[in-house]
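A short write-up of the structure that comes next.
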Protein chains: 2
Amino acid sequence: MKQSVTMRDIADKLGVSSVTVSKAINDKEGVGEDLRKKIKEAAIDMGYRLNAAAKSMKDGLSYNIGIIIPERFTDVTQGFYMRFYQDLAKSMDEHSYSGIMHILSMEDEDNLILPRVYLEKKVDGFIILGQVRRSYIDMFLQTDTPIVFLDFYTDQPDVDCVITDNFYGMYDLTNYLIRLGHRDIAFVGNIHATSSILDRYLGYYKSILEHGIQVDSDYLVNDRDENGQYIDMTLPARMPSAFVCNCDQIAFYLISLLRRKGVNVPEDCSVVGFDNDIYAGLADPNLTTVEVNMAEMSKTAVSMIVEKLKNRNSSQGRVAIKGKIVYRDSVKDLR
Amino acid sequence: MKQSVTMRDIADKLGVSSVTVSKAINDKEGVGEDLRKKIKEAAIDMGYRLNAAAKSMKDGLSYNIGIIIPERFTDVTQGFYMRFYQDLAKSMDEHSYSGIMHILSMEDEDNLILPRVYLEKKVDGFIILGQVRRSYIDMFLQTDTPIVFLDFYTDQPDVDCVITDNFYGMYDLTNYLIRLGHRDIAFVGNIHATSSILDRYLGYYKSILEHGIQVDSDYLVNDRDENGQYIDMTLPARMPSAFVCNCDQIAFYLISLLRRKGVNVPEDCSVVGFDNDIYAGLADPNLTTVEVNMAEMSKTAVSMIVEKLKNRNSSQGRVAIKGKIVYRDSVKDLR
DNA sequence: CTGAAAGCGCTTACAG
DNA sequence: CTGAAAGCGCTTACAG
C-alpha cells in the first residue's frame, strides 16, 4: 500500500500535535482560528483524507447502513426497489452515511443466514426494503441491531417502519372511480402475498362498503402465488366496469389480456394501478394510478435509523407516507 | 453503544492470549487443533463478530469497493445499470468485499467533485459503471486509486475496463439480417453519445461494407442528444426493410412509432435491438436482440479490481465479454 | 488555546 | 504451539 497522509504528518509539518490537527479538521473547539485555518490548508495541500476505519474504532460506528432487499423483488421486470435504493442513497449521503446493499437470497432467507456485513460489523443498522419472512425478521430483531422496515410492516408492535399509505391511497382511488359512476369494480391481487396488497385491498373494500355496493364473489382476482410469482389471471364471469389493480405492473398485463379478449381500455372497461412505476407509462393507455412518494419515504426511513443509532430507545413506530393520485387515460367517465 | 464481544473477551474466558484467538479465528497456523476448535466454539457461543474497522486499520484495506453510476443512467425507464449492480454485489460477496453505490450527479460530474467515500477512505477502489465525462475520469485517474471501468471505455491506453463485445455483437446481428435477405438496413442511434453506440454502429457498418451494400444517407437515424436525452426520431425517406437499433429501449419506441404510421413489425419492417433488457420482452413483437452477459462482465470487473488491490501494477487492459443473439419475433425472413 | 497519554480491537513479527 | 510487545490513525478526557 502506498503510504498516505495522516494527521500526524500534518502535525509534524506544522510543528503542532496531532490532537490539535484532529480538532481543527473536525471543527471542534480548542484551536485558535489562525492555526485552524493553517491546518486545514495544509490538509488540502498534502492531500489528506480521513481514515474512516480509525474513526470507526474510536466511536464504534461504521457510518454505513445495510440495505437488505429480498431477491424476489429484484428481477428484470421490477426496477421499483432499485429506484428506491437510489433515493435511500441520496438521503444517507445527507447524513454522511453510506449504504451497503445486500440482496437476500431465498435460500439465506429460508435458512436464516444473517448477511456478512452484519457478522463483520460493517454497518451500524439495517433498512429492510421489501417484505421478508416473519421468521427471518424475528431472528434479526433478536440481534438487537437497529432496524427500520421500508415499504412493509408486520404485526409486531414496537417495530419501526415506513410505508406508503396503501389503505387511504386505494380508498381515494376507488372513491374516484365511484364518483365517475362506476359500480361494478373488481380488485386484482393476492391479498395473502404481502401486507401492502392486503391494505390496498382493504382501502378499496372500505370504499365499496361505504357506498353500499354489492360485489360479485369472483371480483377478487388472484394474480400471483404466495412467492410473488405471477400466475394466469381468471377474469370474472360478469365483466366489471373497472378493475382496481394492486400494482401498475399487473394493470399493464391486465390491459394486454383484455385487449386479447377484445375488450378495449378505457372504452369498454377502466383499469387503475398503484405505484406509478415504469409500467404506468408503458401501458397503453397510460395508467391512472397512485404515485408512491419514494423520496419522502426514503428520507423518513433514513432519519429514523439515524435517530435510532443515536438513541437506541427511540422508536417512532409505523409511519405512513401519503401518495397522490396521478390522473391519466385508463379510466372512463360513466356519468 | 452496547459493548460487544471482542477477541480479548474470548481469550480471557478461555485463559489464552488474544493473539491465539486471532490466529484460531482466521485459520492461521500456530494454534493446536484442539485449541482452535475450542476457540471457535466459544466465539460462536459468545456471539463474537469481527470488528471490520479494527482489521481495516491494520492492513489499510476497507474491503469495500465504490460503484459509481452516473445519474443519467438511473432514471425510471432504465433499470439496466441497477441490475448490473446486483450482479456486481454478488461477485463482490464472493471475494468478501462489499459495494458502496455512489450515484454521480451531473453537477458533481461537471464540477469534478470526488465522492465522499473517496475522501473518507471508505473504499479500496472503484468500479465506474457507465460512461462519464473525460475530465472526470482524468481527475480520478490522477488520484492513483485502483479503478476499473465497466460497460464503457476511453482511448486512454493503460486503463482497465470490461465491456460487452458491442462491435462483434452488432456485426453478428447484422450478418443475420443479411442472411435472411435484408439489404436496406438502417441504424438507429447517436454515434457521438457513447463509445458503446459508436462500436455497435461500426459492427453494423462492417457487415454492411463486407456485403457490398449501399446505404441511403439518411439510414443513420438519430435517437438522442449528447446528454442521452431521447429526441423525436426522423424516419428515412425511403423505408428500409430492417432497423438495427443501438438498444432495446429505442427499438421499443421505434416499434410504437412505426405502428402509429401504419407500419407493422415484422410484416412490413424488421427491427432488432441490443441489451436484452426489460424492453425486449415488453415490445410487441418481442425483440430479436443481443443479450449482454452481465453476470460474466460483473465477475470479470470485480476480479480485476481485486487483483489490482493486491498488486497495484497489475493491468489487464480492455476485456470484451461476448454477448449472444436471442432470436425472437421482430425479424422477417425475406428469402 | 495546546498537547501528552491512553485506548479503540485487531494483527504482525518476533521471542520463547 | 503459544504469547508479550508494538502499532495501525484517530479521538477523548484531562492537564497545563
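All chains are named by letter (A, B, ...) in the order of the sequence lines, taking the proteins before the strands, and each is independently numbered beginning at 1.
If you check C/dG3 for Watson-Crick or wobble pairing at under 3.5 angstrom, you find it paired to D/dC14.
A donor atom on one side chain and an acceptor atom on the other are found under 3.5 Å apart for A/Gln86 and B/Thr74.
Picking from C/dG3, C/dT11, C/dT12 the nucleotide with the shortest atom distance to the side chain of B/Met7 gives C/dT11. When distances run from any side-chain atom of B/Lys58 to the nucleotides D/dC10, D/dG7, D/dA5, the shortest one goes to D/dG7. Checking D/dA13, D/dC10, D/dG9 against every side-chain atom of A/Val19, the shortest atom distance belongs to D/dA13.
Looking at which nucleotide of DNA chain D each of B/Leu35 and B/Lys121 is closest to, the 5′-most match is held by B/Leu35.
Between the CZ atom of A/Arg8 and the P atom of D/dG7 there is a distance of 12 Å, rounded to whole Å. In this entry the distance linking CG of B/Asn51 with C1' of D/dC8 reads 13 Å, nearest Å. With rounding to whole Å, B/Ile39 atom CD1 is found 13 Å from C/dC10 atom P. B/Glu120 has its CD atom 15 Å from the C1' atom of D/dG9, to the nearest Å. Going from atom CE of B/Met57 over to atom P of D/dA6 covers 17 Å, rounded to whole Å. We find that CG of A/Leu50 is positioned 9 Å from C1' of D/dG9, with the value rounded to whole Å. Here C/dC1 presents its P atom at 9 Å from CZ of A/Arg36, a figure rounded to the nearest Å. Protein atom CG of A/Asp59 is 7 Å distant from nucleotide atom P of D/dT12, rounded to whole Å.
Residue contacts for B/Lys23: at a heavy-atom cut-off of 4.0 Å it reaches a base atom on one of the strands shown. If you check every strand for non-hydrogen atoms under 4.0 Å, B/Gly32 touches sugar and phosphate atoms only.
Close to D/dG9, at under 4.0 Å from its OP1 or OP2, lies no side-chain N or O of A/Thr6. Residue A/Ser22 has a polar side-chain atom (N or O) positioned under 4.0 Å from OP1 or OP2 of D/dT11. For B/Thr20, a side-chain nitrogen or oxygen approaches OP1 or OP2 of D/dG3 to under 4.0 Å.
No salt bridge links B/Asp158 with B/Arg318; every basic N to acidic carboxylate O contact stays at or beyond 4.0 Å. At a threshold of 4.0 Å, the pair B/Lys38-B/Glu41 does not count as salt-bridged, since none of the basic side-chain nitrogens sits closer than that to a carboxylate oxygen.
Using the six-membered ring where Trp is involved, A/Phe152 and A/Phe149 have ring planes that are parallel, under 30° apart on the 30 and 60° scheme.
The two residues A/Met294 and A/Arg83 come nearest to each other via the heavy atoms CE-NH2, 3.7 Å.
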